[in-house]
Amino acid sequence: MCLHYAYDFSIDHKSPIPLHIQTEELLRKIIKQPQYQKGKHLPNEIELAQTLNISRGTLRQAINKLVYEGLLVRKKGFGTKVNNIVSSKALSWLSFSQEMALRGIPIKNFELSISWIKPEEIVANFFEIRGEQESIKIGAVEREARRAICLFCILF
């Protein structure tokens, strides 16, 4: 797999800046590319190290830094990709119904629809859904008395 970009990404082996720092900065640029923001995996370590003419150890050092910062996520057997998970850093999570119950607002769940769909590309890439695999889509509304409060769309 070759890296093809609108502009050149390279490492300057004559620079006083350490290779792992240059590689880290290069990876920061690469992962801003739209295809990687949409969930495309980075090339494997061997190919990427060969393309950049650096050792796998140098590459791993840079990748590990970005994983530590939460910018990349690694999954054994799948590879490395941009981490698009948004975290609230909350220590505990409550469902919408639980949160409303704590506020004294009784909530009822109503099913709207269940269907088979092919997820959008960004969703399929995020959940690593391959090819034409379909998912179950459940649309639901949570209500309080006579008014809708929350609409959910859930994929399985």
Side-chain angles (χ1 to χ4, degrees), residues 1-99 109 111-142 149-156:
M1 175 186 296
C2 278
L3 297 175
H4 299 287
Y5 301 103
Y7 47 99
D8 184 40
F9 288 110
S10 61
I11 300 293
D12 181 359
H13 291 269
K14 295 178 182 176
S15 171
I17 299 170
L19 293 176
H20 71 277
I21 301 294
Q22 290 185 61
T23 305
E24 179 186 324
E25 291 306 313
L26 179 63
L27 288 172
R28 288 179 192 281
K29 291 177 186 173
I30 291 172
I31 66 176
K32 288 180 182 175
Q33 300 293 307
Q35 66 268 33
Y36 296 108
Q37 289 295 313
K38 291 181 181 175
K40 181 178 177 183
H41 284 79
L42 293 175
N44 73 45
E45 286 181 4
I46 295 171
E47 293 169 355
L48 193 51
Q50 287 174 347
T51 301
L52 298 174
N53 197 24
I54 58 174
S55 72
R56 283 180 70 191
T58 299
L59 178 61
R60 283 183 182 153
Q61 188 175 1
I63 289 173
N64 287 339
K65 174 86 183 300
L66 299 182
V67 169
Y68 177 78
E69 290 179 13
L71 297 175
L72 294 176
V73 63
R74 290 177 131 170
K75 189 171 183 183
K76 188 173 183 173
F78 285 95
T80 304
K81 66 180 185 173
V82 173
N83 185 5
N84 287 321
I85 296 173
V86 177
S87 173
S88 70
K89 310 247 190 250
L91 296 176
S92 63
W93 285 89
L94 295 176
S95 72
F96 180 77
S97 299
Q98 290 170 323
E99 189 172 325
N109 292 318
E111 177 188 311
L112 286 180
S113 65
I114 298 177
S115 58
W116 286 95
I117 64 158
K118 184 174 182 248
E120 296 175 29
E121 180 184 1
I122 193 166
V123 173
N125 288 338
F126 179 81
F127 289 108
E128 297 170 350
I129 299 170
R130 306 274 187 231
E132 297 295 314
Q133 183 179 343
E134 290 188 326
S135 298
I136 297 174
K137 176 182 176 181
I138 299 175
V141 157
E142 291 195 341
I149 294 187
C150 193
L151 171 66
F152 291 94
C153 178
I154 304 165
L155 293 178
F156 291 97

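Numbers here are sequence positions counted from 1.
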Discussion item. Is it true that, when you exclude Glu120 itself, more than 12 heavy atoms of the residues, nucleotides or ligands shown sit nearer than 6.0 Å to its CD?
Written reply: no
Response to the item:
When rounded to the nearest 0.5 Å, the distance separating CG of Leu19 from CD1 of Ile54 is 7.0 Å
Practice prompt. Could you go through the side chain to side chain contact (heavy atoms under 4.5 Å, CB included) check for Thr58 and Ile11 one step at a time?
Written response: CA-CA 12 Å; Thr58 299; Ile11 300 293; over 6 Å; no
Worksheet item: For Tyr68, does the OH atom sit with more than 12 other heavy atoms under 6.0 Å from it, leaving out its own atoms?
Response: no
Practice prompt. Give a yes or no answer on whether the side chain of Glu121 reaches the backbone of Lys38 with a donor-acceptor pair at less than 3.5 Å.
Written response: no
Worksheet entry | From CD1 (Ile31) to OG1 (Thr80), nearest 0.5 Å | 11.0 Å
Discussion item. Could you check whether any side-chain heavy atom of Asn83 comes within less than 4.5 Å of a side-chain heavy atom of Val67, counting everything from C-beta outward?
Written reply: no
Worksheet item: What's the shortest heavy-atom distance between Phe78 and His41, and which atoms?
Response: O-CD2, 3.2 Å
Worksheet item: Shortest non-hydrogen contact from Arg60 to Glu45?
Response: NE-OE1, 2.7 Å
Response to the item:
All heavy atoms of Ile46 vs all of Asn44, minimum pair found to be N-OD1, 3.1 Å
Worksheet entry | Steps toward side chain to side chain contact (heavy atoms under 4.5 Å, CB included) verdict (Leu27, Leu71) | CA-CA 10 Å; Leu27 288 172; Leu71 297 175; over 6 Å; no
Item to complete: Would you mind telling me which of His20, Arg56, Arg74 makes a side-chain contact (heavy atoms from CB on, under 4.5 Å) with Ile63?
Response: Arg74
Worksheet, complete the sentence: All heavy atoms of Pro119 vs all of Ala124, minimum pair found to be CB-N, 4.2 Å
Worksheet entry | Partner residues of Glu24 under the side chain to side chain contact (heavy atoms under 4.5 Å, CB included) criterion, sequence neighbours left out | Ile21, Arg28, Ala62, Lys65, Leu66, Glu69
Practice prompt. Show your working on side chain to side chain contact (heavy atoms under 4.5 Å, CB included) between Gln37 and Ile122 and close with a plain yes or no.
Written response: CA-CA 9 Å; Gln37 289 295 313; Ile122 193 166; over 6 Å; no
Practice prompt. State which residues pass salt bridge (charged side-chain N to carboxylate O under 4.0 Å, His left out) with Lys75; sequence neighbours excluded, sorted by chain then number.
Written response: Glu128
Worksheet entry | Gln22 side chain vs Asp12 backbone, donor-acceptor pair below 3.5 Å | yes
